[in-house]
Amino acid sequence: MIGIVLVGHGTLAPEVLRNIESVLGYPVPNMVAVGATLDDTLETLKAKIAAAAASVERGDGTIILTDMFGDTATNVSMALAREARIQVVTGSNLPLIVKVISARHEMPIEQLATFIVDYGRDHILRVNPLDGEGRAAPTRR
């Protein structure tokens with residue numbers, strides 16, 4: 001089973017995981033969350049994320065989902081990806097995270113990382129005002 005680590009600013013990642021588990025109704029196996037705080041140094045943040053990744057590794061690799069490209073947490077995660085079988089996907093959103101949980105049993109980690117980027121992108125939509133029938137109409141533009 002591919003391990004999952006959510007990494008986000010402050011309490012974002014732990015709160016997202018808590019809410020996902022509330023929606024699903026069960027604790028998600030091999031998934032943990034790491035909050036990057038202002039008190040973290042590069043070394044302490046790297047140690048926290050590395051420990052989290054090691055705790056969910058079961059031989060199929062680990063995917064780290066971060067909240068923002070270019071931030072310290074993502075850069076540290078990318079450094080860890082060079083040292084272990086880790087894929088990093090940044091800009092994560094709730095549909096993407098839920099899909100990773102279900103799709104991690106269906107494909108190898110490299111394919112999962114590519115698939116999940118497309119999936120997350122496909123679930124960012126502009127929702128237009130109601131149409132003439134009273135329904136919201138999502139659009140890709």
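Under the 4.5 Å side-chain criterion, counting only non-hydrogen atoms from C-beta, L42 is in contact with V76. The shortest side-chain heavy-atom distance between L24 and I101 falls under the 4.5 Å cut-off. Between L17 and M31 there is a side-chain heavy-atom pair separated by less than 4.5 Å.
Look at E110 and R85 and you find a salt bridge, because one of the NZ, NE, NH1 or NH2 atoms lies within 4.0 Å of a carboxylate O, short of that distance.
Separation of atoms CG (L94) and CD1 (I20) is listed at 5.0 Å; rounding is to 0.5 Å. Separation of atoms CD (E57) and CD1 (I2) is listed at 9.5 Å; rounding is to 0.5 Å. Between atom CG of residue D60 and atom NE2 of residue H105 there is a gap of 10.0 Å, rounded to the nearest 0.5 Å. Here the CD1-CD1 distance, from I116 to I97, works out to 9.5 Å after rounding to the nearest 0.5 Å. Here L112 contributes atom CG and I63 contributes atom CD1; the two are 4.5 Å apart, rounded to the nearest 0.5 Å. Taken to the nearest 0.5 Å, the NZ atom of K48 stands 4.5 Å off from the OG1 atom of T37.
Residues passing the side-chain contact (heavy atoms from CB on, under 4.5 Å) test with E83, sequence neighbours excluded: K46, L80.
V5 and F115 fall into different hydrophobic clusters, defined by Ile, Leu, Val, Met, Phe, Trp and Tyr side-chain heavy atoms under 4.5 Å apart, directly or through other members. Side-chain heavy atoms closer than 4.5 Å link hydrophobic residues (I, L, V, M, F, W, Y) into clusters, and following such links, even through other members, never connects V32 to L12. Under the 4.5 Å side-chain heavy-atom criterion for ILVMFWY residues, no single connected hydrophobic cluster contains both I64 and V89. V88 and L96 are members of different hydrophobic clusters when ILVMFWY side chains are connected at heavy-atom separations under 4.5 Å. Hydrophobic clustering (side-chain heavy atoms under 4.5 Å, transitive across Ile, Leu, Val, Met, Phe, Trp, Tyr) keeps I124 apart from V117.
Between A52 and V34 the shortest heavy-atom distance is CB-CG2, 3.5 Å. Across all non-hydrogen atoms, the minimal contact from P29 to R104 is O-NH2, 2.6 Å.
The closest donor-acceptor contact from the side chain of S77 to the backbone of A73 lies under 3.5 Å. No donor-acceptor distance shorter than 3.5 angstrom exists from the side chain of T62 to the backbone of I86, with no hydrogens or angles considered. With hydrogens and angles ignored, the 3.5 Å screen pairs no side-chain donor or acceptor of T66 with any backbone N or O of V7.
Among pairs with a residue in residues 8-30, those fulfilling side chain to side chain donor-acceptor pair (under 3.5 Å) read H9-D67, H9-D71, E15-R18, N30-R58, at least two apart in sequence or across chains.
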Would you please test V56 and I4 for side chain to side chain contact (heavy atoms under 4.5 Å, CB included) and show each step?
CA-CA 7 Å; V56 296; I4 304 170; over 6 Å; no
